[in-house]
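Below is one structure, written out as structure tokens, with a few remarks after it.
Residue numbers count from 1 along this sequence.
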Amino acid sequence: MAVRSNIVGIDSPEALEKALQAAYYLADEGLATAAYLGLALGKPLLLEGAPGVGKTEAAKAIAAVLGRRLIRLQCYEGIDASAALYEWNYPRQMLAIRQAGDESIDIYGETFLIERPMLAALRAPDSTVLLIDEIDRADQEFEAFLLEFLSDFQISIPERGTVRAAERPVVVLTSNRTRDLHEALRRRCVYHWIGYPTAEREARIIMMRASSVAEATARAVVAAVERLRREPLSKAPGIAEAVDWAEAATLLHKGGARWPDAFKRSIGLALKDEEDLHFISPRLDAMLAEATA
């Protein structure tokens with residue numbers, strides 16, 4: 001296995017952690033170590049965790065640190081190889097055939113090839129980061145297809161031959177764990193589970209992401225969302241919702257709203273489900289009063 005001992009000046013997990021912080025992403029030691037090993041060993045990085053804990057943002061931050069373009073493949077039920085790899089521009093091929101008349105024409109030339117995320121990453125492995133987002137939403141057939149791609153980092157285009165990556169591309173996979181992934185897929189990856197951050201870290205994230213938010217406001221939001229996450233909600237607020245809620249409440253407060261009323265009026269930035277709002281409503285005042293005390 002080829003080991004990259006130095007990736008754009010990053011020679012340790014600690015160096016990567018600092019670089020990610022400079023890219024406005026606060027990674028803990030575990031995530032920084034897993035990401036570093038994935039980069040150094042040329043293995044895909046599999047990030048699992050609840051929605052909203054920062055899995056996709058981690059991939060964006062890694063791309064920023066490496067100075068590479070992020071290519072995102074959003075998975076969904078029924079996604080197939082043509083959406084992930086490539087497809088042919090059939091209307092353009094038919095038009096070219098009609099225009100060519102009796103002359104011969106290669107309808108499988110580069111101009112007729114529509115490049116999708118995985119092919120784009122294979123063709124430019126030194127300047128891209130491939131994010132395969134929410135792989136758990138895809139079906140098992142697509143997951144099996146992905147196994148072959150992650151093993152050899154090559155694909156076969158019947159009309160053009162095999163496309164191989166000149167070097168191992170940087171690949172990040174995310175999963176909300178709505179279903180279990182195949183063990184073979186896990187074996188090909190460096191794995192890390194991302195949980196909700198500690199209260200101290202989440203407050204730092206809020207202040208980093210929303211510079212206009214005071215520390216007291218950030219801590220009040222963290223206390224409130226921690227309470228909300230312990231409730232049986234259908235959609236618990238993630239880190240992004242916490243940041244938005246802090247910004248919205250700060251904006252209302254600057255406009256004259258008093259605390260904790262500013263938090264209550266902007267609750268739609270934290271909870272985005274009618275049933276969740278109805279469930280929390282009877283206890284929301286007490287919850288916010290306790291968080292801002």
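Enclosure of atom CD in Glu148 is not indicated, since only 12 or fewer non-hydrogen atoms of other residues, nucleotides or ligands lie within 6.0 angstrom. More than 12 heavy atoms of other shown residues, nucleotides or ligands fall within 6.0 angstrom of atom CD in Gln154. The environment of Lys235 atom NZ is sparse: at most 12 non-hydrogen atoms of other residues, nucleotides or ligands sit within 6.0 angstrom.
Here Glu115 pairs with Arg123 in a salt bridge; the nearest charged N to carboxylate O distance falls below 4.0 Å. With salt bridges taken as basic N to acidic carboxylate O contacts below 4.0 Å, one links Lys60 and Glu57. Between Arg188 and Glu183 no salt bridge is recorded (no basic side-chain N to carboxylate O distance below 4.0 Å). Taking a cutoff of 4.0 Å between a charged side-chain nitrogen and a carboxylate oxygen, Glu200 and Arg204 do not qualify as a salt bridge.
When the side chains of ILVMFWY residues are joined at heavy-atom separations under 4.5 Å, either directly or via intervening members, Val225 and Leu251 end up in two distinct hydrophobic clusters. In the hydrophobic clustering of this structure, Val222 groups with Leu284; members are Ile, Leu, Val, Met, Phe, Trp, Tyr whose side-chain heavy atoms approach within less than 4.5 Å, directly or through other members. Grouping the Ile, Leu, Val, Met, Phe, Trp and Tyr side chains by contacts below 4.5 angstrom, directly or via other members, places Leu119 with Leu173. The same ILVMFWY cluster, assembled from side-chain heavy atoms under 4.5 Å apart, contains both Leu113 and Tyr90. Tracing side-chain contacts under 4.5 Å through hydrophobic residues (I, L, V, M, F, W, Y), one reaches Leu31 starting from Val170; they form part of the same cluster.
At distances below 3.5 Å, not a single donor-acceptor pair connects side-chain atoms of Asp276 with backbone N or O atoms of Leu271. Side chain of Glu241 to backbone of Gly238: a donor-acceptor contact under 3.5 angstrom is found. Listed for the Arg137 side chain is no donor-acceptor partner under 3.5 Å among the backbone atoms of Tyr76. Side chain of Asp139 to main chain of Glu77: no donor-acceptor pair is present (N/O by atom type, distance under 3.5 Å, no hydrogens or angles). Remark: side-chain polar atoms of Glu134 are not paired, donor with acceptor, to backbone N or O of Cys75 under 3.5 angstrom. A side-chain donor-acceptor contact under 3.5 Å links Arg68 to the backbone of Thr128. The main-chain N or O of Thr56 is never found under 3.5 Å from a side-chain atom of Arg72 such that the two would form a donor-acceptor pair.
Remark: of the listed residues Asn176, Asp133, Thr174, Asn176 is the sole one forming a side-chain hydrogen bond (donor to acceptor under 3.5 Å, both in side chains) with Lys55.
A centroid separation of less than 6.0 Å is found between the aromatic rings of Phe149 and Phe153.
At least one cation-pi condition fails for Arg187 and Tyr191: the charged atom is not both under 6.0 angstrom from the six-membered ring centre and inside a 45 degree cone around its axis. Cation-pi check for Arg209 over Tyr24 is not met; the charged atom does not lie both under 6.0 angstrom from the ring centroid and within 45 degrees of its normal.
One distance of note links CG of Leu37 with NZ of Lys43; it measures 10.5 Å at 0.5 Å rounding. The OG1 atom of Thr292 sits 15.0 Å away from the CZ atom of Arg219 when rounded to the nearest 0.5 Å.
Annotation for Trp88 and Gly109: closest pair CZ3-O, 3.8 Å, computed over non-hydrogen atoms. Taking both residues in full, the closest heavy atoms of Ala61 and Tyr25 are given as CB-CB, 3.6 Å, listed atom of the first, atom of the second, then distance. Listed here is the closest heavy atom pair of His192 and Ala34: CB-CB, 3.8 Å. Contact record, Glu167 with Asp126: OE1-CB, 3.9 Å, taken as the closest heavy-atom pair.
Under 3.5 Å, the side chains of Glu48 and Ser175 contain a donor-acceptor pair of N or O atoms.
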